[in-house]
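Heads up, the thing below is written out as structure tokens.
First the proteins, then the strands, lettered A, B, ... as listed; each starts at 1.
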Protein chains: 2
Amino acid sequence: MTKGRVTVIDIAKAAGVSKSTVSLVLQGSSLVNDATRAKVNSVMRDLGYVYNRGAANLRQSGSNSKIIGVVVNDLTNSFFAELAVGVDMVVQSAGFVQFLSNTSENLDRQREVIASMREHGISGLILSPARGTEASDLKPLVASGIPVVVAVRNVPGAKVSSIASDNRQGVFAAVQHLVSLGHSRIAFLGGFRDTAVFHERLEGYRAAARSCLLGHDEDLVVDSAPSRAGGAEAIGRALSIGSKPTAAVCFNDAVAFGACDGLRAKGIEPGKEFAVVGFDDVIEAKTAVPALTTISVDPQGMGRRAAQLLLKQISAGKAEAETIVSSVRLVVRESCGTGNGSTLGRKQA
Amino acid sequence: MTKGRVTVIDIAKAAGVSKSTVSLVLQGSSLVNDATRAKVNSVMRDLGYVYNRGAANLRQSGSNSKIIGVVVNDLTNSFFAELAVGVDMVVQSAGFVQFLSNTSENLDRQREVIASMREHGISGLILSPARGTEASDLKPLVASGIPVVVAVRNVPGAKVSSIASDNRQGVFAAVQHLVSLGHSRIAFLGGFRDTAVFHERLEGYRAAARSCLLGHDEDLVVDSAPSRAGGAEAIGRALSIGSKPTAAVCFNDAVAFGACDGLRAKGIEPGKEFAVVGFDDVIEAKTAVPALTTISVDPQGMGRRAAQLLLKQISAGKAEAETIVSSVRLVVRESCGTGNGSTLGRKQA
DNA sequence: CTGTTAGCGCTTTCAC
DNA sequence: GTGAAAGCGCTAACAG
């Protein structure tokens, strides 16, 4: 039965050296005699010493607590679980530990959780924000100089680093895929024209059209609400034009589902007679439509990249916000394509 | 731009009181004048004070760090992700935060992670152990008086609390379910007779047989290796007896899969001509066979219970190890049954 | 290379 | 009710 905690002073006494020597050993300093170090280490083992990071951290008076906060909006969704796993991998191998919390899309919860992490002195935060998160929610954190990287979703006005999927590349690849399946009239369906994301994706569509086809018809670009209903409406309009499309890439999966609805209503079987690809945003619906090819990001890879970015910022002291883009892959469901998904875009680091 | 961290002393100065008064306010002590408290609180808000739990914890010299370690063997598996979510719920609402790490079934990783958590002064640990975890791995932790609860899997010799699924109740319910489907000759397949789990499950089978049928034939109990191959073998033996069974409840899902294999080999369609139910242990395979009804535990519920148990032990100072049992439910796949799963056994608290 | 001396930010007696 | 002082376990200057 050990009497209370064993401290550096205990082991100093037992090893016949002073506190600071022990401290040096703990930090792997080269200023200490090998024999002494060995002695100290063995005493530590014998007495069952455990390092008190809290105390060390307090003294160092900076937040190098070696703890990284990770806050996700829905851990129940395997996308975010995988994201957390990716983060954990790099965080662990950098000698940090991960504080992980789930907000369940609850802003109050998110605030609490972030506050709590701050009290514990996290060195940095990776946040997959709850819906409705605003820049002001992150204000105090960034003001205090704690590096933050926002993943998956954007927080509009926030001056923080973020990582999002490669919209342009994803749609580009989708179009290529459809072309390789023999389509030449491919529609771009859904999304509001006044959003940045819409333009990034549309840009991917146009670029692919330029590079794969002879050109494309702007009539094939049909905007709509980025919802299932919007998709149904959009496919209707797309099919009413002169030379009908035989395939569509959709702004997101909700639109894609809607497009499928619309096709079925017209007696067209999606996936067989008309190819549909959707960007995989509304991830809750991920497994719903097997006939659908989706453009998906690799969550673990995204987690790893987010963590790397954060660690970089932590070690760099203070770097300015940076937005990076995560690779994206086409996931082909059913036996209607090649393998299980080919990785595109930049390589994972 | 704030100059360094703002501390109690800053806010004491600004509020015109002393450090200790501030401290009392922080702890919500009733020994402080309401006016003073209000003043102090407002100053804290103005200066953007953040409580330093590390320092507090250091002074209190006990591990009431308000942090709970959670270590799971595979966060990629949604079962464990849900478990973590369940834990997080109660942990958060008790004002604790969760350190979550993933071991990927790697014992070294697990050791590292637990060590790291210890250094950070966790108040307790919930562990879903990696395969091969031994009592000795937990020895130092429990010796240091940190409450540990082991979930999902057992660690043989360890004197720690644990939470596992309700074997008896689960099999009982499975048999009831089969009876309600009209079966009267139901086999119990697979598992080694020399394990405690086997007997718990078999006991559920016998009890159900007693209560639902007139009695049962011990010939219908066929042990085997708890594996897919074992299941195939067991079903063969079960079908060779005088009055053949028309359904089986299996020791686990691996056995159940094997039984399905065996049935198909004999030209019998599992799920249609012969009902198979399996205890959902080999959770990796969860989604593999849609024809199968499984006995599953509710992972979130299990997480919540684990957390409750841990918190109880933490507040109780030191209680002896306790094993509790988590409710279990039947998950009926396909459209071959009623709803999506009915909850059985004890209610979740 | 090793020992001494101050604190990090907080809580906690114990006086006032 | 509120203030002064001591100290949790550790690290960071400096001396030796």
Side-chain angles (χ1 to χ4, degrees), chain A residues 2-41 43-44 47-67 118-123 144, chain B residues 2-41 43-44 47-67 118-123 144:
Chain A
T2 31
K3 170 134 213 76
R5 220 193 206 313
V6 1
T7 77
V8 277
I9 192 161
D10 294 322
I11 84 116
K13 225 167 273 172
V17 296
S18 85
K19 288 199 291 184
S20 30
T21 306
V22 176
S23 183
L24 288 177
V25 171
L26 283 173
Q27 307 171 64
S29 163
S30 56
L31 298 155
V32 57
N33 197 325
D34 277 358
T36 316
R37 180 203 312 294
K39 175 74 180 162
V40 168
N41 278 323
V43 171
M44 293 203 299
L47 299 192
Y49 172 73
V50 330
Y51 184 64
N52 185 334
R53 234 167 245 285
N57 194 46
L58 175 56
R59 179 62 236 263
Q60 290 169 166
S61 199
S63 277
N64 63 329
S65 56
K66 294 297 200 174
I67 106 180
R118 220 141 98 73
E119 293 186 354
H120 282 280
I122 52 171
S123 307
S144 72
Chain B
T2 33
K3 170 137 214 74
R5 219 190 206 314
V6 4
T7 77
V8 277
I9 193 161
D10 294 322
I11 85 116
K13 227 167 273 174
V17 296
S18 87
K19 285 199 291 186
S20 29
T21 307
V22 177
S23 182
L24 289 178
V25 172
L26 284 173
Q27 309 170 65
S29 165
S30 55
L31 298 154
V32 57
N33 196 324
D34 276 358
T36 317
R37 179 202 313 294
K39 174 75 181 161
V40 167
N41 277 323
V43 170
M44 293 204 299
L47 299 192
Y49 172 72
V50 330
Y51 183 64
N52 186 335
R53 236 166 244 284
N57 194 46
L58 176 57
R59 179 61 233 266
Q60 292 168 165
S61 200
S63 278
N64 64 330
S65 57
K66 295 296 200 172
I67 108 179
R118 220 140 97 72
E119 294 186 353
H120 281 280
I122 51 172
S123 307
S144 71

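A:Ser123 places no side-chain N or O within donor-acceptor distance of the main-chain N or O of A:Asn64, the cut-off being under 3.5 Å.
Of the side-chain N and O atoms in B:Thr36, none sit less than 4.0 angstrom from OP1 or OP2 of D:dG1. Residue B:Gln60 places none of its side-chain N or O atoms closer than 4.0 Å to OP1 or OP2 of D:dG7.
If you check every strand for non-hydrogen atoms under 4.0 Å, A:Ile9 touches nothing. Within the 4.0 angstrom heavy-atom criterion, only backbone atoms of the sugar-phosphate kind lie near A:Thr7; the bases stay farther away. Here A:Val17 lies in heavy-atom contact (under 4.0 Å) with sugar-phosphate atoms only.
Among the nucleotides D:dT11, C:dC8, D:dG3, the one closest to the side chain of A:Ser23 is D:dT11. The A:Leu58 side chain lies nearest to D:dG9 when the options are D:dT2, D:dC10, D:dG9. Which of C:dG3, D:dT11, D:dA4 sits closest to the side chain of B:Ser20 comes down to D:dA4.
For the pair B:Leu26 CG and C:dT12 C1', the interatomic distance rounds to 14 Å; values are reported in whole Å. At whole-Å resolution of the value, CZ in A:Arg53 and P in C:dG9 are 20 Å apart. The separation between A:Asn57 atom CG and D:dA12 atom C1' is 15 Å, rounded to whole Å. Taking atom NZ of B:Lys13 as the reference point, atom P of C:dG9 lies 11 Å away to the nearest angstrom. Following rounding to the nearest Å, A:Leu24 (CG) and D:dC10 (C1') show an atom-to-atom distance of 12 Å. Atom CD of B:Gln27 is separated from atom P of C:dC10 by 11 Å (rounded to the nearest Å). Distance CZ (A:Arg59) to C1' (C:dA6): 7 Å, rounded to an integer number of Å. A:Lys19 has its NZ atom 14 Å from the C1' atom of C:dT2, to the nearest Å.
Atom CZ of B:Arg53 is separated from atom CD1 of B:Ile67 by 10.5 Å, given to the nearest 0.5 angstrom. For the atom pair OG of B:Ser18 and NZ of B:Lys13, the computed distance is 12.0 Å after rounding to the nearest 0.5 Å.
Looking only at side-chain heavy atoms (C-beta outward), A:Met44 and A:Asn41 come within less than 4.5 Å of each other.
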Practice prompt. Take A:Val22 and A:Ile9 through the side chain to side chain contact (heavy atoms under 4.5 Å, CB included) test and state the conclusion after the steps.
Written response: CA-CA 8 Å; A:Val22 176; A:Ile9 192 161; over 6 Å; no
